[in-house]
Amino acid sequence: MLAIGVAVLALFGPLLTSGSPTEQRSLPFEPATGPLPLGSDEIGRDVLVRVLHGGLPVLVLAMGSTLLASAISVVVGLATGLAERRASELTVRIIDVVGVAPPLLLMLIIATGFPGSDLAVLVAVALVCVPFSVRVVRAAARQVSALGFVEIARARGDRWWSVLRHDVLPAVSGTLVAELGIRFTAAIHLTATAGFLGLGRGAPAANWGRMVNENFPGMALNPWPVLVPALLLVMFAVSVNLLADEAAHRIGGRR
């Protein structure tokens, strides 16, 4: 599948070339030629080599921030979905304080506080994704908790953890998978945006998002340094979303 292909390219791209992503090979923005299949970038580096090296940072940061955001969202969302209404509303209001801030502004504040840190970008993207994700998981959990089989489990004295594991989680698994796909897609966009804005590990490290920003002024001379990383990001985000929707549909159909 397309998502798997792009992920494999991002993960193993550095192993597919022996060239250096920081080595100057020619004049800036040279068109595609035999030695340089995608031409050169703003300072004469091999675009193909930089593309093969630039996907790994985006993929790792997007995956890390998605897993962190999902872990927080699932725990908080399920807990608030099964908790007493007043405690649930109070917790959600506290989380909404983070959600009020514009995502890019929040990401800029956190990431610029730790310049050159990819970990800061990862945490920032995760925090941006948490508020909306918590609301989705909480809504699904509250809907399931009102069903008869959950009320029966509670009435017979089953422990909270047992109800959550055996009754609630299987019923909301499709929603969780679909939400995971949405969060991952958003994380790809935000991680690429962070690279575009120069956040995280800086130049000369290759990054698909940063490549778009760096090479846009010379697009009329050589469009490939902009088009290739941009297309890879778009294809990956769209295919991951479609894959998550299909997985959620299959899970929902088995229940």
Side-chain angles (χ1 to χ4, degrees), residues 1-23 25 31-41 45-70 118 121-122 125-126 129 133 173-174 176-196 200-201 204-216 219 222-254:
M1 298 186 69
L2 186 57
I4 297 175
V6 178
V8 169
L9 178 67
L11 286 172
F12 299 105
L15 302 178
L16 300 178
T17 176
S18 58
S20 169
T22 61
E23 179 187 357
R25 297 282 305 278
T33 61
L36 302 174
L38 297 179
S40 63
D41 69 356
R45 296 169 297 197
D46 190 334
V47 172
L48 178 59
V49 173
R50 287 186 66 77
V51 167
L52 292 174
H53 280 81
L56 185 59
V58 175
L59 181 62
V60 170
L61 288 176
M63 289 180 63
S65 59
T66 300
L67 292 175
L68 178 59
S70 297
D118 280 345
V121 173
L122 187 153
V125 173
C129 294
S133 187
S173 56
L176 296 182
V177 171
E179 166 61 18
L180 182 67
I182 294 172
R183 289 305 101 212
F184 189 40
T185 302
I188 293 170
H189 292 161
L190 290 169
T191 302
T193 301
F196 183 88
R201 187 182 177 191
N207 180 295
W208 284 349
R210 191 180 302 112
M211 287 180 67
V212 175
N213 183 39
E214 290 174 343
N215 298 290
F216 191 78
M219 191 171 177
N222 183 13
W224 300 120
V226 174
L227 292 181
V228 173
L231 287 173
L232 286 171
L233 287 169
V234 171
M235 289 190 298
F236 191 43
V238 172
S239 57
V240 165
N241 215 4
L242 293 175
L243 183 63
D245 287 344
E246 178 64 21
H249 177 73
R250 288 178 180 274
I251 292 173
R254 288 202 299 265

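Being a predicted model, the structure only gives us computed values, none of them experimental.
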* **Side chain to side chain, L38 and V228, heavy atoms closer than 4.5 Å** => yes
* **NZ/NE/NH1/NH2 to OD/OE distance under 4.0 Å, D118 and R201** => no
* Asked: If you measure from CH2 on W224 to CG on L231, what distance do you get to the nearest 0.5 Å?
  -> 8.5 Å
* Donor-acceptor contact present, side-chain R183 to main-chain A126, <3.5 Å -> no
* **Contact check, side chains of E23 and V49, non-hydrogen atoms, under 4.5 Å** => no
* Nearest heavy-atom pair of T191 and P57: which atoms, and what distance? -> CG2-O, 4.5 Å
* Structure fact -> Separation between CD1 (I182) and OG1 (T66), nearest 0.5 Å, reads 12.0 Å
* Quick one: closest heavy-atom pair of P21 and R45, and the distance? => O-CD, 3.4 Å
* Going from CG on L48 to CG on D41, what distance comes out if it is rounded to the nearest 0.5 angstrom? -> 12.0 Å
* Asked: Are any non-hydrogen side-chain atoms of L233 and H189 less than 4.5 angstrom apart?
  -> no
* To the nearest 0.5 Å, how far apart are CZ in R50 and CE in M211? -> 6.0 Å
* **Side-chain heavy atoms of L190 within contact of C129, under 4.5 Å** => yes
* Asked: Is there side-chain contact between N222 and P225, with at least one heavy-atom pair below 4.5 Å?
  -> yes
* **Contact summary for G19 and H53, nearest pair of heavy atoms** => O-CE1, 3.7 Å
* Asked: How long is the gap from CG on N215 to CZ on R210, to the nearest 0.5 Å?
  -> 11.5 Å
* Asked: Rounded to the nearest 0.5 Å, what separation is found between the CG atom of L242 and the OG1 atom of T185?
  -> 8.5 Å
* Asked: Would you say V58 and N207 make side-chain contact, with heavy atoms under 4.5 Å?
  -> yes
* Looking only at heavy atoms, what is the nearest atom pair of L59 and A7, with distance? -> CD2-O, 3.8 Å
* Structure fact -> Shortest non-hydrogen pair, V212 vs F196, comes out as CG1-CE1, 4.0 Å
* Asked: Can we call the ring centroids of F184 and F236 under 6.0 Å apart?
  -> yes
* Is a side-chain donor or acceptor of S65 paired with a backbone partner of A62 at a separation under 3.5 angstrom? -> yes
* Kindly say whether A230 contributes a backbone atom to a donor-acceptor pair with the side chain of W208 at under 3.5 angstrom? => no
* Structure fact -> Smallest heavy-atom separation, V6 atom then L232 atom, equals CG1-O, 4.0 Å
